[in-house]
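This report refers to the structure that appears directly beneath it.
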Amino acid sequence: MILALDTWIYGGLIFSRKSRDSFEVCLERLSLLEHLVQQFKTVQFYGFATLMRLSNSNDATEEQAYWADYGAWIYRYSYLEHFLSVHSDPTLEREWLELQPKIPSIYREDYRQLRERNFRVLESLLTLVTKGIFCLLYLGHDDSGQWGWNVQERLSLKTFIIQKQLQTCVLMYPGADELACTLTIKALLPSTLPLQILHAIPHSEQHITLYEGIPLKDTLAYQAKAVGFELTHRSNNIFAIYSPPFKQQDCFLERESVLDNAPTPFINQVKEHLSQKQVVTIADIHYANGGILWQSLLEDPFWIQLAGYTAWNTTGNTLGMALAWLKAYLNSSPATYLAHLTFLLERLADDGLYQGYLRQKLCEHYSQPVTEQTVEELKQLFHHYFERWAQDLPSSLTLHLKHLSFPWNRFFEIDLQLSLP
């Protein structure tokens with residue numbers, strides 16, 4: 001049994017930030033869960049939950065309403081408070097003091113209480129682990145950073161895990177949306193497999209990526225452990241990471257300054273590994289929130305041999321889902337190949353073509369409403385590209401756009417489903 005605990009406790013990941021339920025109500029739901037688990041002695045229970053993010057923009061779409069006016073200030077206030085608790089800096093201290101009257105105390109305190117509730121819920125989950133309720137618990141810290149209240153909470157939870165000696169059954173690391181993928185694969189396929197890393201830019205593994213707050217090599221190590229891969233220098237399983245030589249940027253927010261690192265040497269390396277009958281998956285993290293390799297990949301029919309391609313949201317999201325997909329692929333049968341190929345095309349169309357290119361052309365801000373006219377225009381654009389992609393497919397297959405919608409009526413999340421009848 002694999003449980004999405006944010007859903008069990010709050011109603012979903014977004015509701016973990018928006019719900020007004022008290023900690024006592026949340027605790028009642030956990031008590032019910034504990035009671036249910038005790039009724040099923042032969043079932044193994046796995047769970048995942050998230051440490052509440054601290055968004056740095058004035059966007060209330062996924063936050064409390066006051067975040068629209070005060071989000072960036074609350075983020076900065078939190079950052080400075082934590083930083084100044086460790087370092088002395090008169091300039092930053094003055095900035096912190098000047099921020100206090102700008103943020104209404106009622107909103108500041110309300111947000112602190114929401115964070116406190118989430119923190120206590122996660123402590124309660126860890127207590128359930130000590131009782132043997134979960135055989136494995138994943139805690140993701142969502143859109144983290146290097147300083148802030150969320151980072152302080154993470155450090156406190158890490159101390160709790162060490163003190164209770166829970167390191168073998170609790171894994172806490174940067175990520176959120178991919179947790180369901182990584183934990184499901186770990187539960188279904190618990191064995192550990194070898195994995196060789198191919199970096200487009202070797203020194204980039206030392207870079208701190210945009211939404212994780214830690215170096216790429218550390219995020220990769222966490223995600224590999226979560227899925228069940230051991231990083232080695234030689235393996236037939238190749239995880240190819242296309243990262244930037246500079247500080248990572250957001251593909252949408254910094255679209256005016258988007259510059260590509262020349263992909264040809266990297267693609268040639270990928271093709272060389274494929275020619276040696278090795279299994280290759282590509283994680284495209286040159287930018288966050290959008291892929292850039294899709295066009296270069298589709299210029300050559302070799303893409304059809306890939307075990308996966310993702311460029312999904314944050315670096316943690318991309319790495320985690322790509323690794324989970326790779327492990328599934330390595331344990332699959334020929335009967336599932338059509339499903340794999342369909343998903344590969346969906347990722348190229350969604351993560352690459354849409355998130356990395358079309359979205360920038362369609363809107364000024366990702367949360368602006370989507371119109372019916374936009375959906376129809378998109379369908380025509382996709383059909384145009386699919387005609388070219390289909391040329392690389394076996395003649396017996398036809399590429400179709402099965403479904404296209406925007407679940408939240410904004411440009412950030414697209415529900416794109418393809419079929420290969």
Side-chain angles (χ1 to χ4, degrees), residues 181 185 198 200 236-242 260 263-264 266-286 290-312 318 321-359 361-362 375-406 414-421:
C181 303
I185 290 298
L198 170 64
N236 283 327
N237 308 322
I238 309 298
F239 193 55
I241 301 177
Y242 190 64
D260 187 16
T264 303
F266 175 76
I267 288 177
N268 287 340
Q269 286 180 293
V270 168
K271 291 168 71 173
E272 176 63 24
H273 284 289
L274 288 171
S275 71
Q276 297 173 21
K277 306 301 180 184
Q278 293 175 310
V279 178
V280 183
T281 285
I282 294 177
D284 184 354
I285 60 168
H286 194 275
I292 200 166
L293 271 182
W294 63 275
Q295 195 163 8
S296 297
L297 292 175
L298 289 162
E299 289 174 354
D300 189 314
F302 85 92
W303 66 268
I304 206 169
Q305 303 173 51
L306 292 173
Y309 167 84
T310 58
W312 179 48
T318 295
M321 192 171 80
L323 288 168
W325 181 3
L326 174 59
K327 197 174 188 186
Y329 180 90
L330 292 170
N331 285 273
S332 65
S333 70
T336 64
Y337 179 69
L338 201 59
H340 163 75
L341 187 58
T342 303
F343 193 57
L344 177 59
L345 282 162
E346 285 179 350
R347 301 271 53 83
L348 287 163
D350 185 334
D351 304 2
L353 173 58
Y354 176 74
Q355 299 289 354
Y357 179 69
L358 294 179
R359 184 164 63 109
K361 308 298 180 185
L362 292 170
V375 175
E376 291 306 313
E377 289 175 359
L378 257 181
K379 287 180 180 179
Q380 295 303 316
L381 285 168
F382 279 126
H383 284 305
H384 169 73
Y385 282 97
F386 292 171
E387 287 179 5
R388 164 64 188 87
W389 301 0
Q391 295 174 20
D392 296 334
L393 296 172
S395 58
S396 59
L397 300 178
T398 307
L399 179 58
H400 280 296
L401 179 61
K402 182 179 179 181
H403 176 79
L404 176 65
S405 68
F406 291 83
I414 186 173
D415 182 6
L416 175 70
Q417 298 172 36
L418 309 183
S419 63
L420 289 171

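Owing to the predicted nature of the structure, the values given are computational and were not obtained by experimental measurement.
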Q: Could I get the full list of side-chain hydrogen bond (donor to acceptor under 3.5 Å, both in side chains) partners for E387, not counting sequence neighbours?
A: none
Q) Going by the ring pair (Phe, Tyr, Trp, His ring centres under 6.0 Å) test, which pairs reach into residues 323-344, not counting sequence neighbours? A) W325-H340, W325-F343, Y329-H340, Y337-H340
Q: Supply the atom-to-atom distance I238 CD1 to T281 OG1, rounded to the nearest 0.5 angstrom.
A: 10.0 Å
Taking distance alone, no hydrogens or angles, what donor-acceptor pairs closer than 3.5 Å link side-chain atoms of residues 304-312 to residues at least two apart or in another chain?
from	atom 1	to	atom 2	distance (Å)
Y309	OH	D284	OD2	2.7
T310	OG1	T318	O	3.3

Q.
If you compare all heavy atoms of Q417 against all heavy atoms of E346, which two are closest, and at what distance to 0.1 Å?
A. CA-OE2, 3.3 Å
Q) Looking at residues at least two apart in the chain, or sitting in another chain, which of them share a side chain to side chain contact (heavy atoms under 4.5 Å, CB included) with S275? A) E272
(Q) side chain to side chain contact (heavy atoms under 4.5 Å, CB included), that's the test. Do I414 and Q355 meet it? Break it down for me. (A) CA-CA 9 Å; I414 186 173; Q355 299 289 354; 4.1 Å; yes
Q | Partner set under ring-ring contact (aromatic ring centres under 6.0 Å, His included) for W389, not counting sequence neighbours | A | F386
Q. For H400, which residues count as a ring-ring contact (aromatic ring centres under 6.0 Å, His included) partner, sequence neighbours excluded?
A. none
(Q) Run the side chain to side chain contact (heavy atoms under 4.5 Å, CB included) test on L399 and L420 for me, step by step, so that the C-alpha distance in whole Å, both residues' side-chain angles and the decisive distance to 0.1 Å come before the verdict. (A) CA-CA 5 Å; L399 179 58; L420 289 171; 3.8 Å; yes
Q | Those residues that, when tested against N331, pass side-chain hydrogen bond (donor to acceptor under 3.5 Å, both in side chains) (two or more places apart) | A | none
Q: Would you check if L297 and F302 make a side-chain contact, meaning some heavy-atom pair closer than 4.5 Å?
A: yes
Q.
Does F266, at its CZ atom, have more than 12 non-hydrogen atoms belonging to other residues, nucleotides or ligands within less than 6.0 Å?
A. yes
Q) Got a second to check how far L416's CG is from D351's CG, nearest 0.5 Å? A) 9.5 Å
Q: Mind checking the CG-NZ spacing from N236 to K277? Nearest 0.5 Å is all I need.
A: 12.5 Å
Q: Could you list the residues that satisfy salt bridge (charged side-chain N to carboxylate O under 4.0 Å, His left out) with D415, not counting sequence neighbours?
A: none
Q. Is there side-chain contact between L401 and L418, with at least one heavy-atom pair below 4.5 Å?
A. yes
Q: To the nearest 0.5 Å, tell me how far I185 CD1 sits from L323 CG.
A: 11.0 Å
Q: Taking side-chain hydrogen bond (donor to acceptor under 3.5 Å, both in side chains) as the test, write out the residues that go with S405, two or more places apart.
A: H403
Q | Inter- and intrachain pairs under salt bridge (charged side-chain N to carboxylate O under 4.0 Å, His left out), touching residues 291-312, at least two apart | A | K271-D300
Q. Side-chain contact, heavy-atom cut-off 4.5 Å: L393 with L341?
A. yes
(Q) Looking at every heavy atom in both P301 and D392, which two are closest together, and how far apart are they? (A) CG-OD1, 3.7 Å
**Q.** Set of residues satisfying side chain to side chain contact (heavy atoms under 4.5 Å, CB included) with respect to L330, sequence neighbours excluded
**A.** L193, F229, N237, V279, L326
**Q.** side chain to side chain contact (heavy atoms under 4.5 Å, CB included) assessment of D350 paired with W294
**A.** CA-CA 10 Å; D350 185 334; W294 63 275; over 6 Å; no
Throw together a table of side-chain donor-acceptor distances under 3.5 angstrom for residues 377-385, partners on residues two or more places apart or in other chains.
from	atom 1	to	atom 2	distance (Å)
E377	OE2	Q373	NE2	3.1

**Q.** Nearest non-hydrogen partners of A349 and L353, listed with the distance
**A.** O-CB, 3.4 Å
